[in-house]
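All values below come from the heavy atoms of this structure, side chains included, with hydrogens, waters and symmetry mates left out.
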Amino acid sequence: MDESTLNDTTPAVRKRRLVVPATQNENTEDKPEPKAKSKPKPKAKSEPKAKPKASSGPKPKSKADPPQAEPESAKPPVPPVPPPARKPQIGDSRPAPAQQAPDGDGAGGRRRRRRGGRGRGGRGRSSETATATTETRNGAHAPVEAILADQRPLELDDEQLTERRGKYRNGKPLGRYRMCVHVSEGATHISVLEGRSLIEYYVSRPSDDISEIYGNLYLGRVRRVLPGMEAAFVDIGTPKQAVLYRGDLTVASDESDDDGGSERKRAGGRRGRSVSGPAIGELIKNGQTIMCQVIKNPIGHKGARLTTEVSLPGRFVVLIPNSSVMGISRRLPSRERRRLRSLLAKEIPDGFGVILRTAAENVTAAEIRRDIERLTQQWTKISELAERSDAPVLLFREPELAVRIIREQFTADFREVVIDDPALFEQVKGYMEAVAAPLVDRIRYYDPVAERLPLFERVRVAEQVRKATDRKVWLPSGGSLIIEHTEALTVIDVNTGRNVGKSSLNETLFQNNLEAATEIAKQLRLRDIGGIIIIDFVDMDDKQQRDKLMSTLNEALARDKTRTATEPISDMGIVQMTRMRTGEGLLESMSDPCEACDGRGIQLRESLFA
């Protein structure tokens with residue numbers, strides 16, 4: 001039995017070693033004798049005043065004591081067991097504290113090893129290594145990060161540069177939209193304005209890999225397959241297990257014309273559930289390791305939603321590994337779609353599918369090729385990390401929300417992007433210099449100290465955000481909207497309010513509903529309301545007016561990039577619609593439930609329940 005085993009045993013059963021007399025050299029390293037293993041030495045009575053504990057083992061026999069008892073001072077010191085350091089967890093955004101072993105020059109001349117399960121000892125990482133590399137509990141390296149600026153900008157001729165730079169007047173860029181990014185101590189706020197009106201607002205907290213995980217790639221492990229629900233729970237290392245529906249085993253693009261065949265289309269159903277083909281129990285098994293991607297952040301008590309159809313978004317293209325799909329955004333004009341289709345057919349690598357985004361308008365073949373090369377390089381790193389890692393582990397982390405929105409939305413239609421944080425400004429500017437150099441001059445840094453006014457107060461965003469959290473929205477003619485949230489859906493009630501009209505009742509109700517339809521589409525986009533939405537318009541008897549109302553509503557919803565689906569208006573003026581939800585809305589991100597009523601808005605009178 002070696003010394004580390006003797007030190008780890010409890011005092012009740014610890015075996016003694018024969019120690020040389022005190023006259024010998026005490027600095028000599030103690031070595032256990034072979035006889036010490038066969039018969040332990042009984043404890044000598046060197047301290048008569050000490051009272052033995054009941055649990056300290058059998059009482060020592062004084063008659064069997066050897067002539068030379070072992071003094072207490074000669075006992076080898078038992079080093080204290082250090083408290084176990086925090087183990088790195090899946091999704092850590094920064095390195096965990098380094099685990100330093102005790103000094104090897106102490107008693108016994110060996111490092112003390114901890115007992116325990118897998119991954120508890122034997123790594124021997126230094127603090128420098130721990131700081132440079134974030135390790136998960138299975139030893140995998142840090143996740144792959146998105147490549148934002150890796151190459152020098154491409155050279156464009158004067159005609160291409162002029163076309164890509166957009167419109168200018170008196171040396172100033174023109175555009176319909178304006179984006180403002182404000183970085184505070186605990187969050188990053190992104191606002192998109194059309195003129196002076198706020199149309200989109202996002203709140204991004206520092207990435208914690210727990211709640212802000214949309215777009216991340218994981219190597220997950222299937223924990224439970226539910227054939228009756230056509231779903232499976234997958235452990236990806238987050239506190240709540242994620243859910244994978246049968247229909248999400250293959251997924252198609254939302255805004256593209258899919259040329260890859262029907263086998264890549266979503267199976268159907270509100271939750272992406274399958275209506276045909278093999279059951280989920282035949283496709284995946286408990287304990288199986290799968291690579292998956294998050295398509296919906298955890299919301300409330302629900303875990304994240306996954307898909308096995310991995311896609312890597314870039315500036316101009318979306319790369320789909322292990323696919324043959326080729327698509328082009330439907331928001332592009334028909335002539336531009338035909339031009340891009342001929343370019344894309346020559347650039348698609350083997351074993352990958354490619355979808356061109358709306359930002360690919362007027363781009364050259366070299367820009368598409370470089371974007372594809374950048375994404376294939378990312379996929380190679382992800383695949384290598386997956387091969388040497390054990391599930392669950394984070395493989396790829398999407399950049400923060402501000403960079404993602406600028407990557408996906410920033411075009412020549414934006415007059416400018418204003419950022420009040422120097423570090424984020426340099427990051428975004430470097431990225432745009434690599435992928436869209438003609439638009440770099442539209443990115444501007446806002447210095448709050450020099451301007452003597454916060455950015456959001458300068459552009460009057462703060463007051464519009466506060467109004468966007470109210471349950472009541474006033475219409476231009478005096479009508480109003482009441483927006484209420486429930487567990488299953490969102491209800492919007494349209495009221496005439498102070499709108500009394502001028503000519504007739506039918507015309508008053510019709511004009512009030514038209515104003516409400518336009519404002520509802522704006523509020524859904526601004527508040528980022530998703531799921532099932534029920535709209536209660538004011539009743540109208542004329543069928544032509546109801547058809548005109550639905551046309552106005554669908555036209556207003558078409559400006560929103562988030563996918564929506566509407567049902568025809570009923571005779572009672574009820575419209576049912578859905579809007580894709582990827583995370584919490586504006587109200588949830590800007591508020592906390594009331595602790596007194598738990599968000600119900602009422603308090604029961606306890607005296608009446610006596």
Side-chain angles (χ1 to χ4, degrees), residues 90-91 140-148 209 212-222 231-238 241-256 258-261 263-267 272 274 280 283-284 288-297 303-327 348-357 371-399 404 407-408 580 582:
I90 296 296
H141 294 284
V144 179
E145 301 287 347
I147 302 175
L148 298 180
D209 296 332
E212 297 291 337
I213 59 176
Y214 177 80
N216 290 358
L217 267 66
Y218 291 88
L219 187 64
R221 187 175 299 278
V222 180
F233 287 105
V234 182
D235 182 12
I236 59 174
T238 54
Q241 293 184 355
V243 61
L244 174 65
Y245 290 105
R246 166 63 181 86
D248 289 326
L249 291 176
T250 55
V251 66
S253 176
D254 295 333
E255 295 183 2
S256 66
D258 192 352
D259 299 336
E263 70 278 4
R264 307 205 61 80
K265 294 185 178 180
R266 187 182 296 272
S274 175
I280 189 171
L283 301 176
I284 54 177
Q288 180 179 344
T289 300
I290 59 174
M291 183 183 294
C292 49
Q293 188 172 24
V294 177
I295 58 176
K296 181 185 293 186
N297 282 325
R305 182 171 172 177
L306 304 176
T307 179
T308 56
E309 185 75 14
V310 175
S311 60
L312 299 178
R315 168 65 178 175
F316 305 118
V317 305
V318 176
L319 186 69
I320 306 177
N322 304 320
S323 174
S324 59
V325 62
M326 183 181 72
I348 297 181
D350 295 335
F352 292 91
V354 175
I355 297 176
L356 287 179
R357 316 186 71 159
D371 211 20
I372 294 177
E373 292 175 353
R374 184 187 298 111
L375 295 177
T376 52
Q377 181 181 356
Q378 283 184 195
W379 175 247
T380 301
K381 295 180 179 179
I382 294 172
S383 302
E384 294 175 353
L385 179 59
E387 291 179 357
R388 64 176 184 265
S389 301
D390 295 332
V393 63
L394 174 63
L395 300 177
F396 171 76
R397 181 188 292 115
E398 272 282 285
R404 296 203 308 266
R407 178 189 66 190
E408 298 171 3
M580 187 175 65
T582 58

Worksheet item: Can you check whether P143 reaches F396 side chain to side chain, under 4.5 Å on heavy atoms?
Response: no
Worksheet item: Has F316 got more than 12 heavy atoms of other residues, nucleotides or ligands less than 6.0 Å from its CZ?
Response: yes
Discussion item. Can a donor-acceptor pair be found, under 3.5 Å and without considering hydrogens, that links the side chain of R315 to the backbone of R407?
Written reply: yes
Item to complete: Identify the heavy atoms of A386 and M291 that sit nearest to each other, and give their distance.
Response: CB-CE, 3.8 Å
Practice prompt. Please say which of I213, V294, L394 ends up in a side-chain contact (heavy atoms from CB on, under 4.5 Å) with T238.
Written response: I213
Response to the item:
Between the CG atom in N322 and the OG atom in S383, the distance rounded to the nearest 0.5 Å is 8.0 Å
Response to the item:
To the nearest 0.5 Å, atom OG1 of T380 lies from atom CG of L385 at 12.5 Å
Item to complete: Quick one: closest heavy-atom pair of R305 and D248, and the distance?
Response: NE-OD2, 2.8 Å
Worksheet item: How many angstroms lie between atom CG of L319 and atom OG1 of T376, to the nearest 0.5 angstrom?
Response: 6.5 Å
Discussion item. A242: which residues meet the side-chain contact (heavy atoms from CB on, under 4.5 Å) condition with it, sequence neighbours left out?
Written reply: I236, A304, L306
Worksheet item: Would a distance-only check, ignoring hydrogens and angles, find a side-chain to backbone donor-acceptor pair under 3.5 Å from Q293 to G215?
Response: yes
Worksheet entry | Minimal non-hydrogen separation, E398 against N216, with atom names | N-OD1, 3.0 Å
Worksheet, complete the sentence: To the nearest 0.5 Å, atom CG of L395 lies from atom OH of Y218 at 9.5 Å
Discussion item. Show the nearest heavy-atom pair for residues V144 and Q378, with the distance to one decimal.
Written reply: CG1-O, 4.4 Å
Worksheet item: For the residue pair A232 and I284, what are the closest heavy atoms and their distance?
Response: CB-CD1, 3.7 Å
Worksheet item: Taking C-beta and beyond as the side chain, do P313 and R404 meet within less than 4.5 Å on heavy atoms?
Response: no
Discussion item. Ignoring hydrogens, what is the shortest heavy-atom contact between V243 and A231? Give both atom names and the distance.
Written reply: CG2-CB, 4.1 Å
Practice prompt. Indicate yes or no: at least one non-hydrogen side-chain atom of E212 is less than 4.5 angstrom from one of N297.
Written response: yes
Worksheet item: Could you state the interatomic distance from CG (L249) to CD1 (I290), rounded to the nearest 0.5 Å?
Response: 7.5 Å
Practice prompt. Would you check if V310 and I382 make a side-chain contact, meaning some heavy-atom pair closer than 4.5 Å?
Written response: no
Worksheet item: Do the side chains of L217 and W379 get nearer than 4.5 Å, heavy atoms only?
Response: yes
Worksheet item: Under the 3.5 angstrom rule, does the side chain of R221 hit a backbone N or O of D390 as a donor-acceptor pair?
Response: no
